[in-house]
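Here the structure comes first, spelled out in structure tokens, and everything after it is commentary.
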Amino acid sequence: MDGRRALVTGGSRGIGQAAVLALAEAGAHVIVAARNSAEVGEMCARVRAQGGHATPWVVDVTDSAAVTEGIARLGPVQILVNNAGMNRPKLMTETPDEDLDAIIALNIKAAFYVAREVVRGLLEAGLPGSLINISSQMGHVGGFRRTVYCATKHAVEGMTKALAWEVGPAGIRVNTICPTFIETDMTRAMLQDPAFMEMVHSKIALGRVGQPQDLMGAVVFLASDASAMVTGSALMVDGGWTAI
Ligand code: NDP
């Protein structure tokens, strides 16, 4: 990926952080996007300390105007890891509008804003590209206390397939990665509950939850020309969760 520019939203922590490091190691110049400027700066410093290239972008991706301005200013990116996302697990009957709005705003609308601007930049520059939407196994199945989260990740799957057809003729590929439970800030508290962890383990054929690094083969594969004929698809990295 030498010389290619990559954008990772939510690149300061968890899965996004691992993606920044993996893409930088593979030679890409990575733009690290998140809200916390100190963490974004630390990530960029870490990439540079390893001999890579990184640019900080402090942004709230739910702000459509900020996304449009930022991507226009930063220039075209050939690799997007559309990763920023959230969950607030609750029963539907206990879910307030505020949670519904916040999860939809980040998991669907912000993913749309970012993909739209990246595609606009690529089309304008006449460049091919690879967009990777970080979906979830919950984009394919249901999950207890996850009506909103599942709805948003199923939406990401639909957006991916439709966009793949829209931009395929321009040489732009669009795919999802669908992880099982991965130990990050988003899941750490829930995975500390022994009963929950037991339930999770019982649904993963490989018998363990994932680490961010478990997703990096998929990220590098989809970002690179090794996946040149792959578009509109979902790469399950779920330890077998959806296979039964
Ligand atoms: P984390 O909570 O660990 O990290 C989230 C990242 O997104 C942080 O860098 C955060 O930085 C950034 N972020 C959050 N809100 C915004 C915003 N409005 N604008 C810009 N950046 C934002 O999440 P994970 O790494 O666990 O999850 C990443 C993705 O993977 C999500 O889409 C999630 O749904 C998906 N996923 C996660 C799984 C898991 O088990 N962890 C399983 C399946 C899918 P900051 O707060 O500074 O903005």
Side-chain angles (χ1 to χ4, degrees), residues 7-22 30-44 46 56-67 70-71 80-89 101-115 117 131-141 143 146 148-157 159-160 176-192 196-197 199-201 203-204 208-216 218-219 234-239 241-242:
L7 166 62
V8 181
T9 68
S12 59
R13 295 200 304 274
I15 294 167
Q17 176 179 90
V20 167
L21 296 171
V30 188
I31 298 165
V32 181
R35 293 167 302 179
N36 182 311
S37 63
E39 289 182 356
V40 167
E42 276 164 32
M43 267 314 289
C44 290
R46 207 168 143 187
W57 182 26
V58 177
V59 64
D60 180 342
V61 290
T62 65
D63 180 343
S64 177
V67 168
I71 294 179
L80 168 65
V81 181
N82 211 356
N83 164 77
M86 67 185 290
N87 191 12
R88 290 181 191 167
D101 291 344
I103 300 169
I104 288 175
L106 184 60
N107 293 9
I108 304 180
K109 293 179 74 175
F112 189 101
Y113 301 150
V114 174
E117 293 316 313
L131 277 58
I132 303 165
N133 293 322
I134 304 299
S135 173
S136 171
Q137 62 188 11
M138 300 298 175
H140 295 263
V141 295
R146 281 169 174 72
V148 184
Y149 188 74
C150 287
T152 62
K153 293 301 185 179
H154 278 69
V156 167
E157 293 295 326
M159 181 175 82
T160 299
T176 63
I177 292 175
C178 305
T180 188
F181 282 89
I182 306 291
E183 265 187 314
T184 67
D185 291 350
M186 194 177 95
T187 55
R188 201 155 284 123
M190 51 181 109
L191 293 174
Q192 269 164 9
F196 186 78
M197 187 61 126
M199 181 281 290
V200 167
H201 278 157
K203 292 173 75 76
I204 299 177
R208 66 173 178 90
V209 297
Q211 300 299 321
Q213 197 57 35
D214 286 314
L215 302 170
M216 293 309 116
V219 167
L235 182 41
M236 311 308 297
V237 189
D238 66 355
W241 185 294
T242 59

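Just follow the structure's listing: the first ligand is 1, and inside any ligand the first atom is 1. It should be emphasised that the depicted structure is a prediction, and the values quoted were computed from it without experimental measurement.
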Do the ring planes of H154 and H140 sit parallel (below 30°), tilted (30 to 60°) or perpendicular (above 60°)? tilted
Under 4.0 Å from ligand 1, residues with heavy atoms, in chain and number order, are G10, S12, R13, G14, I15, A34, R35, N36, V59, D60, V61, T62, N83, A84, G85, L106, I134, S135, S136, Y149, K153, P179, T180, F181, I182, T184, D185, M186, T187
Are the side chain of T9 and the backbone of A84 linked by a donor-acceptor contact shorter than 3.5 Å? yes
Can you confirm whether F196 is buried at CZ, in the sense that more than 12 heavy atoms of other residues, nucleotides or ligands lie under 6.0 Å from that atom? yes
Steps toward side-chain contact (heavy atoms from CB on, under 4.5 Å) verdict (V61, L106): CA-CA 7 Å; V61 290; L106 184 60; 3.7 Å; yes
Search all heavy atoms of E157 against all heavy atoms of C178 and return the closest pair with its distance. OE2-SG, 3.2 Å
By side chain to side chain contact (heavy atoms under 4.5 Å, CB included), which residues pair with R208, not counting sequence neighbours? D214
